[in-house]
Structure formats: structure tokens, C-alpha cells
2 protein chains.
Amino acid sequence: MLSKKSQYAFKALTYLSEKFNEGPVLISEIAAKKKIPIKFLESILLELKKADILDSKKGKGGGYFLKQRPEKVKVATVIRLINGPIAMLPCVSLYFYERCKNCNEKHCGLHDMMIEVRDATLGIVENRTLKDLLV
Amino acid sequence: MLSKKSQYAFKALTYLSEKFNEGPVLISEIAAKKKIPIKFLESILLELKKADILDSKKGKGGGYFLKQRPEKVKVATVIRLINGPIAMLPCVSLYFYERCKNCNEKHCGLHDMMIEVRDATLGIVENRTLKDLLV
DNA sequence: GCATAGCCTACCAAGTCTGTGGACTACTTA
DNA sequence: TAAGTAGTCCACAGACTTGGTAGGCTATGC
């Protein structure tokens, strides 16, 4: 399951995608429109900024805005950043790989199956962007 | 990600699948062979028994054993029982559904996408059983 | 130089995950 | 029927994660 934090991140990013090229948007505006606890949202946006997805401006007329065009930001990137691994097992994860003790990956049915699940999921989330989330 | 508990559950079930029709297997034997903390394993097996996947016998010559044939136990069932929802969002889950506030499910890009992910995943785990985990 | 608005640090309550310990109960065998 | 075996149940506990809150600091614009 995606954490609430991830869901908030997607809501905020969707909102910022709609407002793309309209200048900085206040944290408070996003929080109000998307009903997200403001201080929690603040930390999420900061994380997205550090990952180069968002940029911000301080002071009057400031706020947050997308650093890249919505169609350049992959859903998979956001999930990995805020939620963590997409795969169901560490020994099957591409970005968070950890070797599996007591399961030689060559002969493990669960392993093989989870690779299939991973690839099926990646086939979707690697090929969608923020733009695809707008309806 | 699957919890360690889930991974232990699959290891134990795989072992019991191999020993299907050979009579009860001791918790301690499973724990030793699969390197699972014995008391933790105990609670997992009990949970699987309460879900009618395993059965047990007390006293000498006792132990745990599969209640149904390995090919009758779906991987999806075990994941839902031990790990929880398979879907990435509550508003998209079949067995753990919860309505999504602030996201009318008719017009939510994230929602639609996560339905695709869910179906892709279910397409795999609903059609595999313990038997498929044996190599 | 003052108001604005993001930045940063610290903290916290609740819940989940991964276990451990110990007493109790049911069953088998002698 | 007593002894020993093996699952059942209950309580707890430490580490980590989740979902937040509070408040001061810093940069910006007018």
C-alpha cells in the first residue's frame, strides 16, 4: 500500500501540474485545496524539492512549482522517493536490492514470481507521468 | 513490500508443501530448516490454521500440515491474510476497500492507474498456488 | 526594515513489526 | 493414569514507521 504521505505527494503534484507555468503556489493554498495537514505537506514538498522534482521561491509571491514539465516526471520516481521500493521483495528490487539469505535466487519460486509482479507493475508506473494523472 | 512475517509464512508453507501427505511436521523442524525464529513462526502457523490453510495435531507425533492440497492454496490468499491488501490504494482494493475522500473515484488519474496495477498483480498472484512455488 | 513565506530542527503519540517468555491444554504412549 | 510431547494462548517489549505539531531561522520583495 502507498502511505498517506505518498497519496498527499501525488495530490500536491497533481495540483502543481494543473498550475504549471502559472508561477509559485503557496503551501497553504495546496494544503487548503487538497485538504492536507499543512506542516506535513511542508516536509513532503521539501523532500520533492531536494529530489529536483520541485523548486521553490521564498518571500512574498513565493511558493512551490514544478521544476520540470509534468510529462517529464515519472510516477515510478515519485513512488520510490516517498514510498520506497516498488517490488514486493528486497531480492527482487532494482533500486533497493538486498541479497536474500536462505533463498538462493536461482531456485526460488517466490523470487521468480515476484519478478513477474515487479515487471508487470513497472510496465505501468515507469510509463506514466504526472501528466497522465490529470483527467 | 512483503513483511518478514509474510516471507516466513511462504517459506513454511513451501516446506509443508514438500512434505504434503507425510504427516504432521514439528514447528521446531520447520524453524530449524527454514531458519525462522521459533516463537514467531508459532504465531504465524496458528494464524494460517485459523484461516483453514493448515491443520495441526497436538501431542507426540503431532505438528502442522496442509489442510488442502498445495495446488488449492492461492498465493493471493496468503498475501491478503498475512500481509494485507494487495492493491496500492484502499479505494482500489477488492478485499480491503475504503472510500477515498477528496478523490471522486470517477475522475482520479491515480485511482485509474492503480486499478491497472492491481489487476496486473492479481493476474499473477491469483493464478499461482503453493505448488507453483516449488521448483 | 518589515511582512511574507519557505527552511530546518526538534519532538511526539500511536501503531506495526519482529520478536521473547512462560504458563496452559490436549494428545499419545507406556 | 502418569509422563512426556507438542501445540495454544497471553503478555510484553524494543525498534521502527507513520502521521503529525511547534517554533524559531533565513531569504525575498516592496
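Proteins come first, then strands; the chains are lettered A, B, ... in the order of their sequence lines, and each starts at number 1.
Note: the hydrophobic cluster containing A/M1 does not contain B/I82 (ILVMFWY, side chain heavy atoms under 4.5 Å, direct or indirect links).
There is no side-chain donor-acceptor pair under 3.5 Å between B/S17 and B/T14.
Looking at heavy-atom distances under 4.0 Å, B/I27 makes contact with sugar-phosphate atoms alone, never a base. Residue A/L26 is classed as a sugar-phosphate contact, given heavy-atom separations below 4.0 Å to backbone atoms only.
Taking the side chain to side chain donor-acceptor pair (under 3.5 Å) definition, one finds that B/K67 meets it with B/D52, sequence neighbours left out. Listed by chain and number, the residues in a side chain to side chain contact (heavy atoms under 4.5 Å, CB included) with A/I38 are A/I27, A/S28, A/A31 (sequence neighbours excluded).
A donor-acceptor distance shorter than 3.5 angstrom exists from the side chain of A/R118 to the backbone of A/V92, with no hydrogens or angles considered.
Atom pair B/F40:CZ and C/dG21:P shows a separation of 15 Å (rounding to whole Å applied). What separates CD1 of A/I36 from C1' of D/dG19 is a distance of 13 Å, to the nearest Å. Distance A/E29 CD to C/dT4 P: 17 Å, rounded to the nearest Å. Atom CG of A/L41 is separated from atom C1' of D/dT21 by 14 Å (rounded to the nearest Å). In this structure, CD1 of B/I82 is placed 11 Å from P of C/dC17, rounded to the nearest angstrom. Across the protein-nucleic acid pair, A/M1 atom CE and C/dT16 atom C1' stand 14 Å apart, rounded to whole Å. As rounded to whole Å, 13 Å separates atom C1' of C/dC17 from atom CD of B/E47. Across the protein-nucleic acid pair, B/I38 atom CD1 and D/dT5 atom C1' stand 13 Å apart, rounded to whole Å.
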Could you go through nucleotides 23-28 of chain C and list every protein N or O atom that sits under 3.5 Å from one of its N or O atoms, giving the distance for each pair?
{"residue": "C/dA26", "atom": "O4'", "partner": "B/K58", "partner atom": "NZ", "Å": "3.2"}

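Each of A/S3 and B/E42 has a nearest nucleotide on DNA chain D; the 5'-most of these lies closest to B/E42.
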query: Step by step, would you call A/E47 with A/K50 a salt bridge (Lys or Arg N to Asp or Glu O under 4.0 Å)?
result: CA-CA 5 Å; A/E47 210 168 327; A/K50 285 178 179 163; over 6 Å; no

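Within a 6.0 Å radius of NZ in B/K5, other residues, nucleotides and ligands contribute more than 12 heavy atoms.
Picking from C/dC8, D/dG19, C/dT18 the nucleotide with the shortest atom distance to the side chain of A/K4 gives D/dG19. Distances were taken from every side-chain heavy atom of B/L46 (C-beta onward) to each of C/dG19, D/dC9, D/dT21; the shortest belongs to D/dC9.
Look at A/Y8 and you won't find any side-chain N or O under 4.0 angstrom from OP1 or OP2 of D/dG19. Side-chain nitrogen and oxygen atoms of B/K50 include none within less than 4.0 Å of the OP1 or OP2 phosphate oxygen of D/dG7.
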